[in-house]
Amino acid sequence: MCETVKLVTFLGLGEYEKSCVVFEEGFCVQQRIFPLAIVEYLNHIGKHVEVLFFLTKVVKEKEKWSECIKFLEARKVPYKDFEILEELPPGDLMNFLVKNLIENLEEGDRVILDVTHSFRSIPLMASVVALYLKEAKDVNVSVVYGKYNKETKVTECEDLTPLTKATSWIYAVRLFKEYGYAKELADLIKKRNEEIYRRSQSSKKPKLLGSMSQKLQDLSSSIRLGSIVAIRKNLTNFFNFIDRNKARIREETEVFVPEIAALLDGIEKRYRVIHVKSENFELSEKELESEKELLDFYLQTGDLGMALRLAREYLINVYLMSGGEKSDFLDRNVRESVSISTFGYDTILQARNHVAHFGFNKLQLPSLKKIEDHLKVLVQTPPEQLLESARKTQRNRKRALLTPLGTTKGALYTVLKKISPDLLLVITSKQGKAILSEILEKAEFKGEFRVILLEDPFMGVSEIDRVVSEIKEHLSDVDEVIVNLTGGTTFLTYVIERAKNQIRYGRKVKTILAVDKRTYEEQKQNPFVVGEILELD
């Protein structure tokens with residue numbers, strides 16, 4: 001099956017002379033109208049052709065147009081013509097061209113754009129039109145021009161397609177400057193490098209462009225992905241490469257990729273501010289400053305989703321660093337123990353929780369302006385100011401003890417003597433509540449306490465949801481919860497475990513057991529003896 005080529009061409013008012021039109025492989029045809037010579041060449045190499053003519057009403061009345069029609073109809077070549085209004089402004093002319101081409105080209109078409117007989121600003125528009133068609137229709141566009149030599153009466157078919165590649169560089173540079181992403185730049189550098197090695201016979205070839213392209217691609221992709229570990233790794237790889245080879249890279253880009261030579265400093269400056277030069281990935285003032293700059297990067301480039309995700313983790317890191325946590329800050333349990341609502345950034349947290357699940361939840365998304373305003377405030381707040389606020393929160397943390405209580409007194413007594421919570425939350429029955437006051441008195445507990453009762457502390461399955469809901473409500477303003485699993489019935493312990501799974505987010509949770517190594521009789525005779533505490537996590 002022969003490939004079909006769509007020829008987009010123009011006819012002007014000029015008087016064209018017959019010449020020998022030369023194409024690749026020495027093919028030559030006598031013709032005075034260049035697009036007709038292209039049709040002959042394409043037929044010669046076995047291609048089907050469809051022609052789209054753009055011309056004015058005046059040209060359509062000329063003999064050359066009749067000649068074109070007669071030529072094409074004799075060869076059964078399908079064609080369409082589009083009449084351009086006289087004195088059409090450049091902007092309207094561009095819209096006219098693009099509109100008709102979009103309507104008459106299909107995705108994947110091979111297109112030849114011939115600008116030989118075009119008029120006014122068409123040659124200048126050709127590269128823009130070619131790029132637009134490539135992006136909008138994913139078509140393969142070549143641009144050609146018939147260069148006529150009056151002395152030799154020879155017209156050479158020149159391929160101007162490489163000139164259109166400048167528009168790809170313009171797009172890639174704009175993408176980087178506007179959004180900070182360098183994928184398109186990296187792709188163009190890679191293609192240029194491959195093209196040089198494929199076509200050039202010179203012994204002087206670039207040695208670093210391939211590596212530079214790959215490192216730029218990896219860095220850009222990790223920024224788009226939103227993985228701090230990948231970002232740190234690829235920033236380090238990128239700047240190690242740049243710093244080792246700066247002079248050579250500048251030399252190679254000036255010779256082989258001049259399109260980005262002037263952009264090198266901008267690329268380095270843009271990424272240098274988010275780079276932390278450190279062998280270990282740990283919390284530090286430099287790390288926090290870098291995260292703030294990365295947050296600003298996402299905000300400036302309009303990536304609010306990524307900014308929200310990072311903002312939450314940034315606030316958690318500030319809180320952890322204020323408490324001296326530097327090495328285990330990637331541990332899930334450590335991170336989930338932090339409630340960033342203490343910073344007063346509830347809008348950011350609410351928006352982040354919404355977009356983190358792509359909106360597949362019942363959380364309301366604040367207005368985009370409100371989100372952006374809150375993110376701007378966070379970016380403009382120095383990390384040291386956030387650290388000071390976090391340290392004050394650390395000093396004012398409220399700690400609760402969540403515990404079951406059966407009919408024995410020793411376990412709760414031991415826990416209260418070992419731990420001094422701000423709030424004691426007891427899950428028990430009426431029988432357990434009856435002995436609570438004695439335990440509190442013996443333990444000399446003077447803090448706040450609350451009691452949640454179960455009608456059936458052994459099999460009260462229907463009460464579980466109600467009790468867990470009450471536990472969550474009582475602990476809503478608590479930053480740290482110590483969960484004791486001893487001293488109650490098996491069912492009470494199960495209820496405590498169910499509640500633990502739902503309260504662990506946004507606060508620090510620690511699980512303990514009270515251990516009394518005495519015999520059961522000794523414990524029963526004298527329950528008020530301090531035993532030991534076993535920390536489970």
Side-chain angles (χ1 to χ4, degrees), residues 3-55 59 64 67-68 71-72 77 79 90 93-94 97 101 105 109-134 139-170 188 191-192 194-196 198-202 256-259:
E3 179 187 22
T4 297
V5 178
K6 293 185 177 179
L7 172 61
V8 179
T9 188
F10 307 84
L11 286 183
L13 289 169
E15 293 300 326
Y16 311 138
E17 296 185 27
K18 182 174 283 191
S19 68
C20 177
V21 184
V22 180
F23 293 88
E24 291 181 356
E25 301 173 356
F27 178 80
C28 177
V29 61
Q30 292 292 326
Q31 185 57 261
R32 79 183 188 99
I33 301 176
F34 186 69
L36 301 185
I38 296 177
V39 172
E40 289 196 64
Y41 170 69
L42 291 172
N43 287 160
H44 170 73
I45 61 175
K47 307 293 185 184
H48 288 309
V49 187
E50 295 178 17
V51 188
L52 305 178
F53 279 99
F54 288 85
L55 65 171
V59 175
K64 69 185 73 175
E67 184 179 336
C68 288
F71 176 92
L72 296 172
V77 175
Y79 69 91
L93 177 56
M94 173 69 84
L97 289 173
L101 288 173
L105 297 178
D109 277 350
R110 182 186 171 192
V111 178
I112 294 178
L113 179 59
D114 165 35
V115 297
T116 308
H117 300 320
S118 60
F119 45 92
R120 293 199 293 271
S121 55
I122 293 294
L124 296 176
M125 295 180 181
S127 62
V128 179
V129 172
L131 177 64
Y132 183 79
L133 292 175
K134 177 180 179 294
V139 298
N140 181 6
V141 183
S142 300
V143 181
V144 299
Y145 174 75
K147 185 179 180 182
Y148 174 62
N149 187 319
K150 195 170 184 178
E151 294 181 359
T152 62
K153 303 292 184 180
V154 172
T155 300
E156 293 184 25
C157 181
E158 288 193 345
D159 184 5
L160 301 183
T161 308
L163 297 179
T164 67
K165 293 181 180 179
T167 54
S168 297
W169 285 100
I170 292 171
L188 289 173
K191 289 177 182 177
R192 177 67 57 81
E194 291 173 347
E195 188 177 278
I196 292 170
R198 185 171 60 251
R199 296 185 178 181
S200 176
Q201 300 300 319
S202 172
F256 300 106
V257 199
E259 294 90 342

dist I170:CD1 -> E259:CD (nearest 0.5 Å) comes out at 10.0 Å
On a heavy-atom basis, the closest approach of C68 and L11 is SG-CD1, 3.8 Å
(request) Using a 4.5 Å cut-off on heavy atoms from C-beta on, say whether the side chain of V39 contacts that of F71. (result) yes
Spell out, as yes or no, whether a donor-acceptor pair under 3.5 Å connects the side chain of K47 to the backbone of Y41. no
- Output, in order, the C-alpha distance, side-chain angles, deciding distance and verdict of side-chain contact (heavy atoms from CB on, under 4.5 Å) for C157 and T155. CA-CA 7 Å; C157 181; T155 300; over 6 Å; no
Here the pair of heavy atoms bringing I196 nearest to F256 is CD1-CD2, 3.5 Å
All heavy atoms of K64 vs all of G12, minimum pair found to be NZ-O, 3.1 Å
For this session: I would like to know whether Y148 and E17 meet side-chain contact (heavy atoms from CB on, under 4.5 Å); could you show each step before the answer?
Result: CA-CA 9 Å; Y148 174 62; E17 296 185 27; 3.2 Å; yes
Between W169 and V257, is there a side-chain heavy-atom distance shorter than 4.5 Å? yes
Rounded to the nearest 0.5 Å, the CG atom of L52 sits from the OG1 atom of T9 at a distance of 9.5 Å
Scanning both residues in full, the closest heavy-atom pair of V141 with T161 reads O-CG2, 3.7 Å
Report task. Evaluate the side-chain contact (heavy atoms from CB on, under 4.5 Å) criterion for residues I45 and F23: first the C-alpha distance (whole Å), next the side-chain angles of each, then the deciding distance (0.1 Å), finally the verdict. Result -> CA-CA 11 Å; I45 61 175; F23 293 88; over 6 Å; no
So for atom NZ, which belongs to K191, do other residues, nucleotides or ligands contribute more than 12 heavy atoms lying within a distance under 6.0 Å? no
Rounding to 0.5 Å, atoms NE2 (H48) and CG (N43) come to a distance of 9.0 Å
Can you establish whether the number of heavy atoms outside E40 located under 6.0 Å from its atom CD is more than 12? yes
Rounded to the nearest 0.5 angstrom, the CZ-CG distance for F10 and L97 is 5.5 Å
Exactly one of L42, V49, V143, V8 clears side-chain contact (heavy atoms from CB on, under 4.5 Å) with I112, and that residue is L42
- Task: Answer yes or no: is there a donor N or O on one side and an acceptor on the other, between the side chain of D109 and the main chain of V111, under 3.5 Å?
- Result: no
Contacts of S168 meeting side chain to side chain donor-acceptor pair (under 3.5 Å) (sequence neighbours excluded), chain-then-number -> none
- What class does the angle between the rings of F53 and Y79 fall in, given that below 30° is parallel, 30 to 60° is tilted and above 60° is perpendicular? perpendicular
*Using the six-membered ring wherever Trp is involved, compare the ring planes of F34 and H117 and label them parallel, tilted or perpendicular (cut-offs 30° and 60°).*
perpendicular
R199, CZ atom: more than 12 neighbouring heavy atoms under 6.0 Å
no
- prompt: So do the side chains of V5 and I38 get within less than 4.5 Å of each other, counting heavy atoms only?
  reply: no
To the nearest 0.5 Å, atom CG of L113 lies from atom NZ of K6 at 14.5 Å
### Task
Test side-chain contact (heavy atoms from CB on, under 4.5 Å) on S19 and Q30 and set out the steps.
CA-CA 6 Å; S19 68; Q30 292 292 326; 5.7 Å; no
Give a yes or no answer on whether the side chain of R32 reaches the backbone of Y16 with a donor-acceptor pair at less than 3.5 Å. yes
